[in-house]
> 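Below you'll find the structure I mean.
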Amino acid sequence: MAAGLGTRMKSNLAKVLHNLDGRPLINHVCETALTLRPQKIYIVVGHQSEDVQAAVLAENDADLVGFAVQKQQLGTGDAVNAARELLENSDSTLLVLSGDVPMIRAETLSALVQKHNEHHGRGAACTVLTVRLKDPTGYGRVVRGENGVFERIVEQKDAGDDEKQIDEINSGIYCFDTRKLFAALSQVGNDNAQGEYYLTDVPRILRDQGDDVAIFLCDDPREVEGVNDRRQLAEMEKVIRRAVVSRLMLESGVTFIDPKAAYISGRSTVGRDTVIHPNVTVEGNSVIGEGCVIRQGTRIVNSTIGNGVEIRDNCFITDSTVGDKCTVGPMAHLRGHAVMMEGSKVGNFVELKKTTLGKSSKASHLTYLGDATIGENTNIGAGTITCNYDGKNKHETHIGNNVKIGSDTMLVAPIKVGDGAVTGAGSVVTKDIEANTLVAGVPARKIKDVLAQIADKTKGDK
Ligand code: UD1
Ligand code: MG
């Protein structure tokens, strides 16, 4: 169920699209559901349905997911009813999950399904996943009858004072006999405090007609916590973040200077003996190698960092690859599949976009390198810019090995700079430079042959 707006979020964005650990809530639930290998999962969408569908399809195989549209959000019972045509005639077990209960583990769901199928040796018509909470405020309470059997679920807003004392709550997760669910759903009305069609009435209807309704009491309250407001979302984020950081410390051997001030996504990995300073953010599927130092204020998104890399303060690295033993920053920006080969260096106020910087090459200060490939042992002087955009199209720059680009050189792309070439400070290079040639000026022209210069010099020395 993912059709609600989530009024309590006080947001223009549908609740299930809010991010937890960098991904929409709905995708956490889909991922867990799919690990159970169901025939298919159906997502009930309503508010911002196209965006919710797009978010789901961005992470999941279209063959495994289907959508049912709930036009008006008339309650959780109505939400499931939106999938009636898709499901009502199927002889199956239907697991109903809430898009706003993202921490549930697959193991717990498997145990729920097992209990459902084995209840009284013949299986139940419905099994409700419940948990006891210190503070059950806001949740539906589970009323048990004699011998602890299921009687009904009463929502917070409909509960009397006695019922509000009950600490066992409905998680919003259930297993149903599909046919029995849809038959009972037809009898659900909306005569309640919220004027909604409650899915929670279905187990009571089933019980009243003599069907078995089982309860599966889960012992970890955190798993079934719902996200209803931003405070709960922030709490959950904190729990996940702490778990990730502590796993990295205990299992991967990572040092955090201040574990509370590190933001590492659950899908990223960090290697042994890497030291992470405060306020470092690692997002998406990033891979950070061993023995690295990452200084404060750096953000790394969907990038791969090799071993022994030093990333100095306040860098932003996205969709890029940094090879072993590189140095980055402070205040460097790598994006658009930038690649730094082994031992290369990028210094302060340097931006690399869709650019490969070769082995042991350096761009140490104040430089923009876009759509460029740069060979090995090349030095890019301070203030160099690849002028890659003519207002309409992007053009490439190719720089060879052992090149020395003088300070403040403008390389007007498309352009090729041969191996061993040199540019004078302030050159505006508009034509390809042959290997081992020194050019200078505006526009740059050939001054001399670098190798001849070396030969002259050696002669002079004699
Ligand atoms: C629901 C349960 C409550 C339970 C709690 C657990 C009902 C009536 N109540 O309350 O017993 O303790 O979950 O978290 O079911 N949704 C739709 N369409 C709608 C309404 C809701 O798709 O018309 C979706 C929402 O997007 C959300 C989920 O159903 O993902 C739960 O809805 P929500 O409004 O959060 O229900 P709760 O008040 O939390
Ligand atoms: Mg809820």
Side-chain angles (χ1 to χ4, degrees), residues 1-11 13-18 20 24-30 33 41-49 51-53 55-56 67-84 96-104 126 128-133 135-143 150 152-159 163-164 166-174 176 181 185 188-205 215 218 221-233 236:
M1 296 180 287
L5 171 63
T7 316
R8 289 163 281 181
M9 294 295 281
K10 304 261 188 312
S11 175
L13 188 68
K15 175 161 71 178
V16 296
L17 289 177
H18 279 258
L20 176 69
L25 287 171
I26 185 64
N27 283 345
H28 291 262
V29 180
C30 291
I41 58 174
Y42 292 95
I43 297 129
V44 180
V45 293
H47 271 285
Q48 294 162 25
S49 59
D51 295 337
V52 175
Q53 294 187 43
V56 169
F67 298 94
V69 181
Q70 185 194 19
K71 291 199 184 75
Q72 264 185 300
Q73 282 62 57
L74 303 176
T76 48
D78 184 64
V80 172
N81 206 41
R84 180 180 284 276
V96 175
L97 302 169
S98 283
D100 66 343
V101 182
M103 300 282 270
I104 188 74
C126 168
V128 184
L129 180 68
T130 71
V131 74
R132 290 187 191 285
L133 292 185
D135 179 11
T137 313
Y139 290 94
R141 311 296 206 285
V142 177
V143 182
F150 177 88
R152 63 202 164 87
I153 296 167
V154 56
E155 291 304 299
Q156 167 86 23
K157 287 186 178 149
D158 301 289
E163 288 162 335
K164 282 187 185 140
I166 299 173
D167 66 350
E168 184 177 11
I169 63 104
N170 165 32
S171 65
I173 294 170
Y174 328 74
F176 289 101
L181 162 65
L185 209 45
V188 171
N190 64 352
D191 181 16
N192 52 52
Q194 304 187 75
E196 286 185 0
Y197 294 88
Y198 290 165
L199 181 59
T200 46
D201 283 350
V202 168
R204 177 187 51 76
I205 291 167
I215 293 176
C218 166
R222 279 173 312 182
E223 269 190 57
V224 299
E225 253 170 60
V227 176
N228 292 308
D229 58 40
R230 299 200 196 226
R231 208 178 23 121
Q232 285 170 320
L233 183 62
M236 215 172 262

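Whatever order the structure lists them in is the order used to number ligands and atoms, beginning at 1. Keep in mind that this is a model prediction, so the values were computed, not measured.
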> Below 4.0 angstrom, counting only protein heavy atoms, does anything approach atom 1 (C) of ligand 1?
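Under 4.0 Å from atom 1 (C) of ligand 1, zero protein heavy atoms found.
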> Are any of the N or O atoms of Gly140 closer than 3.5 Å to those of ligand 1?
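Yes, since at least one N or O of Gly140 sits under 3.5 Å from an N or O of ligand 1.
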> Quick one: closest heavy-atom pair of Val56 and Asn27, and the distance?
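Answer, listing the atom of Val56 first, then Asn27: CA-OD1, 3.4 Å.
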> Number the atoms of ligand 1 from 1 as they appear, then name those within less than 4.0 Å of a heavy atom of Asn228, with their elements.
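Close to Asn228: 35 (O), 39 (O).
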> So, regarding Met1 and ligand 1 (criterion: nitrogen or oxygen to nitrogen or oxygen, under 3.5 Å), is there a contact or not?
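Indeed, backbone or side chain, Met1 has an N or O that close.
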> Are Arg141 and Gln156 close enough, and set up right, to give a side chain to side chain donor-acceptor pair (under 3.5 Å), and what steps lead you there?
CA-CA 7 Å; Arg141 311 296 206 285; Gln156 167 86 23; 2.8 Å; yes
> I need the atoms of ligand 1 closer than 4.0 Å to a non-hydrogen atom of Tyr198, numbered in the order shown.
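So the answer, numbered in order with elements, is 8 (C).
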> Run the numbers on Asp78 and Gln73 for side chain to side chain donor-acceptor pair (under 3.5 Å), then give the verdict.
CA-CA 7 Å; Asp78 184 64; Gln73 282 62 57; over 6 Å; no
> With a 3.5 Å distance limit and no angle check, can you tell me whether Ser171 reaches the backbone of Thr130 through a side-chain donor-acceptor pair?
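No.
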> Considering only the protein, which heavy-atom contact is closest to atom 22 (O) of ligand 1, and what is its distance?
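Heavy-atom neighbour on the protein nearest atom 22 (O) of ligand 1: Ala3 N, 2.8 Å.
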> Looking at ligand 1, is there an atom of it that comes within less than 4.0 Å of some heavy atom belonging to Leu74?
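The answer is yes: ligand 1 sits under 4.0 Å from a heavy atom of Leu74.
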> Just wondering, do Thr137 and Lys164 contact through their side chains at under 4.5 Å, heavy atoms?
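No, their side chains stay 4.5 Å or more apart.
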> Indicate yes or no: at least one non-hydrogen side-chain atom of Leu199 is less than 4.5 angstrom from one of Leu181.
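Side chain of Leu199 against side chain of Leu181, heavy atoms only: contact under 4.5 Å found.
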> Side-chain contact test, heavy atoms from C-beta onward, threshold under 4.5 Å: evaluate it for Val52 versus Leu17 and give yes or no.
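Side-chain contact under 4.5 Å: yes.
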> Ignoring angles and geometry beyond distance, decide whether Glu155 reaches within less than 3.5 Å of ligand 1 through its nitrogen or oxygen atoms.
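N/O-N/O distance under 3.5 Å: yes.
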> Is any NZ, NE, NH1 or NH2 atom of the basic residue among Asp100 and Lys15 found under 4.0 Å from an Asp or Glu carboxylate oxygen of the other?
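Yes, this pair counts.
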> Looking only at N/O atoms, are Asn170 and ligand 1 under 3.5 Å apart anywhere?
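Yes; the residue has a nitrogen or oxygen that sits under 3.5 Å from a nitrogen or oxygen of the ligand.
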> Taking side chain as C-beta onward, heavy atoms only, is Leu97 less than 4.5 Å from Tyr174?
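No. Closest side-chain heavy atoms not under 4.5 Å.
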> Spell out, as yes or no, whether a donor-acceptor pair under 3.5 Å connects the side chain of His28 to the backbone of Met103.
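Absent.
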> Starting from atom 32 (O) of ligand 1, what is the nearest protein heavy atom, named by residue and atom, and what distance separates them?
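Protein heavy atom with the smallest distance to atom 32 (O) of ligand 1: Thr76 CG2, 3.9 Å.
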> Indicate, as side chain, backbone, both or neither, the part of Arg8 found under 4.0 angstrom from ligand 1 when only non-hydrogen atoms are considered.
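For Arg8, the contact with ligand 1 is made by the side chain alone.
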> At under 4.0 Å between heavy atoms, is it the side chain or the backbone of Gln70 that contacts ligand 1, or both, or neither?
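It is the side chain that gets close, since no backbone atom is under 4.0 Å.
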> Show which atoms of ligand 1 fall inside a sub-4.0 Å distance from at least one heavy-atom site of Ala79.
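Per the distance check, 17 (C), 18 (N), 22 (O).
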> Starting from the Mg ion (ligand 2), count all protein N, O or S atoms within a radius below 2.8 Å.
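Protein N, O or S neighbours of the Mg ion (ligand 2) under 2.8 Å, waters not counted, come to 2.
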> How close do Gly226 and Tyr139 get, heavy atom to heavy atom, and via which atoms?
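Scanning both residues completely, I find the closest heavy atoms to be N-OH, 3.1 Å.
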> Provide the number and element of each atom of ligand 1 under 4.0 Å from a heavy atom of Gly4.
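Listed by number with element: 16 (N), 17 (C), 22 (O), 25 (C), 26 (O).
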> Measure the shortest side-chain to side-chain distance between Ile104 and Val29 over non-hydrogen atoms and say whether it is less than 4.5 angstrom.
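Not in contact.
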> Which atoms of ligand 1 sit under 4.0 Å from any heavy atom of Lys15?
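What qualifies from ligand 1 is 35 (O).
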> May I ask you to check whether over 12 heavy atoms, not counting those of Arg222, lie within 6.0 Å of atom CZ?
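Not more than 12 within 6.0 Å, no.
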> At less than 4.0 angstrom from any non-hydrogen atom of Ser171, what atoms of ligand 1 do you find?
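Matching atoms, with element in brackets: 6 (C), 14 (O).
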> Run the numbers on Asn192 and Lys157 for side chain to side chain donor-acceptor pair (under 3.5 Å), then give the verdict.
CA-CA 9 Å; Asn192 52 52; Lys157 287 186 178 149; over 6 Å; no
> For ligand 1, which atoms sit closer than 4.0 Å to a heavy atom of Thr200?
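By the 4.0 Å cutoff, the relevant atoms are 7 (C), 8 (C), 9 (N), 11 (O), 15 (O).
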> If we only count heavy atoms from C-beta on, is the Pro203 to Phe150 side-chain gap below 4.5 Å?
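A side-chain contact under 4.5 Å exists here.
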> Which part of Val224 is near ligand 1, with near meaning a heavy atom under 4.0 Å away: side chain, backbone, both or neither?
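The answer is neither; Val224 stays 4.0 Å or more away.
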> Any nitrogen or oxygen of Ile169 lying under 3.5 Å from a nitrogen or oxygen in ligand 1? Just yes or no.
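Not met; the criterion fails.
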> Among all protein heavy atoms, pick out the one at the shortest distance from atom 20 (C) of ligand 1; state its residue, atom name and that distance to 0.1 Å.
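Closest protein heavy atom to atom 20 (C) of ligand 1: Gly75 C, 3.7 Å.
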> Could you check whether Arg152 pairs with Glu163 (Lys NZ or Arg NE/NH1/NH2 to Asp/Glu carboxylate O, under 4.0 Å)?
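So Arg152 pairs with Glu163 through a salt bridge.
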> Using a 3.5 Å cut-off on N or O atoms only, is Asp100 in polar contact with ligand 1?
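For ligand 1, there is an N or O atom that lies under 3.5 Å from one belonging to Asp100.
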> Which residue holds the protein heavy atom closest to atom 13 (O) of ligand 1, what is that atom called, and what is the gap in Å?
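Here the nearest protein heavy atom works out to Gly172 CA, 4.4 Å.
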> Indicate yes or no for a side-chain donor-acceptor contact from Arg132 to the backbone of Pro221 under 3.5 Å, with no hydrogens or angles considered.
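Side chain of Arg132 to backbone of Pro221: no pair is present.
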